[in-house]
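Labels below follow one simple rule: chain letters A, B, ... track the order of the sequence lines, proteins then strands, and each chain is numbered from 1. Hydrogens, waters and symmetry mates play no part in the numbers below; they use all other heavy atoms, side chains included. If you're wondering where the values come from, they're calculated on a predicted model, not measured in any experiment.
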Amino acid sequence: MKKAHINLFYETLAKGNPEPKSELQYTNVYTLLVAVVLSAQATDKGVNKATEALFKIVETPNQMVELGEAKLKDYIKTIGLFNTKAKNVIKLSQMLVHEHGGEVPNDQAALEKLPGVGRKTANVVRNIYFQVPTIAVDTHIFRVGNRTGLAPGKNPLEVEKKLLKVTPKEWKLHAHHWLILHGRYICKARKPECTACPVIDYCAYKAKTL
DNA sequence: ATCCCGAGGG
DNA sequence: CCCTCTGGAT
């Protein structure tokens, strides 16, 4: 995508949503981390539905450890991959208690050592809570980056590097949310709504659909 | 490359 | 029925 168009692309998305925020529900940085871990290959709606009850009784790593894996599963069994996620959340909470004083570290490497936390999840937490201009590449952003021509790449890491390179400084902090919301509601996987798309003038995909 | 894995949409 | 959803670990 041309430089001038990249600016217009972000400017347009920003105008449509000046203060973008996560649609995941959370009460603090710990519950944010748990919510993001649970959101892997699941919709935020489904995660919110499960965590609404869970976060009323669990807001700290200690409380999660006390709850235990079996009861945690009862809360999240409506979410895909719940078995693995329950194990990871308990282990991750134990590690936070024993190795980080019960706090969530603002450190990419330390976060990625936690079970169930990879590059994407760590990037999301650092962006949302610690205001670091990371761009976490999930399924939506991977698709939008490739389809629009904004940041093509064979894998998420390639797309992330390209996004960090082409995204102007002023848009970096919120780029993650603008791109994800665009992918979720307009540039959808199955049936992209190009006729309702505000940035179609800058998109490489329109040539194939119109 | 493969497994994990429920809900919702088309 | 098939596809997709803010992936990560092996």
Asks: Would you say the side chains of A/Tyr30 and A/Ser93 form a donor-acceptor pair under 3.5 Å?
Replies: yes
Asks: What is the 5' to 3' range of DNA chain C, first to last nucleotide, that sits under 4.0 Å from any heavy atom of chain A?
Replies: C/dC2 to C/dA9
Asks: Give one of base, sugar-phosphate or nothing for A/Gly46, where a contact means two heavy atoms less than 4.0 Å apart.
Replies: nothing
Asks: Considering only atom C1', compute the distance from C/dC5 to B/dC5 and round it to an integer number of Å.
Replies: 12 Å
Asks: Over all strands shown, is A/Leu38 touching base, sugar-phosphate only, or nothing at heavy-atom distances under 4.0 angstrom?
Replies: nothing
Asks: Once you apply a heavy-atom cut-off of 4.0 Å, does A/Pro115 come out as touching a base, just sugar-phosphate, or nothing?
Replies: sugar-phosphate
Asks: What I'd like to find out is whether the side chain of A/Thr78 reaches to under 4.5 Å of the side chain of A/Lys49, using heavy atoms alone.
Replies: no
Asks: Flag the pair A/Val117 / A/Val37 as yes when at least one side-chain heavy-atom distance between them is below 4.5 Å, and no otherwise.
Replies: yes
Asks: Would you give a per-nucleotide map of nucleotides 2-10 of chain B, 5' to 3', where B means the base has a protein non-hydrogen atom under 4.0 Å away, S means only the sugar-phosphate does, and - means neither?
Replies: --BBBSSB-
Asks: Before accepting this row, confirm whether a basic side-chain N of the pair A/Glu160/A/Arg119 lies closer than 4.0 Å to the acidic partner's carboxylate O.
Replies: yes
Asks: Write down the distance separating the P atoms in B/dG10 and C/dT6, rounded off to the nearest Å.
Replies: 14 Å
Asks: For residues A/Glu59 and A/Thr31, is any side-chain donor paired with an opposing acceptor at under 3.5 Å?
Replies: no
Asks: Is the shortest distance from a Lys or Arg side-chain nitrogen in A/Glu11 or A/Lys15 to a carboxylate oxygen in the other one below 4.0 Å?
Replies: no
Asks: Answer with base, sugar-phosphate or nothing: what part of the nucleic acid does A/Val117 contact at a heavy-atom distance below 4.0 Å?
Replies: sugar-phosphate
Asks: Side chains of A/Thr148 and A/Tyr202: is there a donor and an acceptor less than 3.5 Å apart?
Replies: no
Asks: What does A/Ser22 touch in the nucleic acid at a heavy-atom separation under 4.0 angstrom: a base, only the sugar-phosphate, or nothing?
Replies: base
Asks: For the pair A/Gln63 (side chain) and A/Thr60 (backbone), establish whether a donor and an acceptor sit closer than 3.5 Å, ignoring hydrogens and angles.
Replies: yes
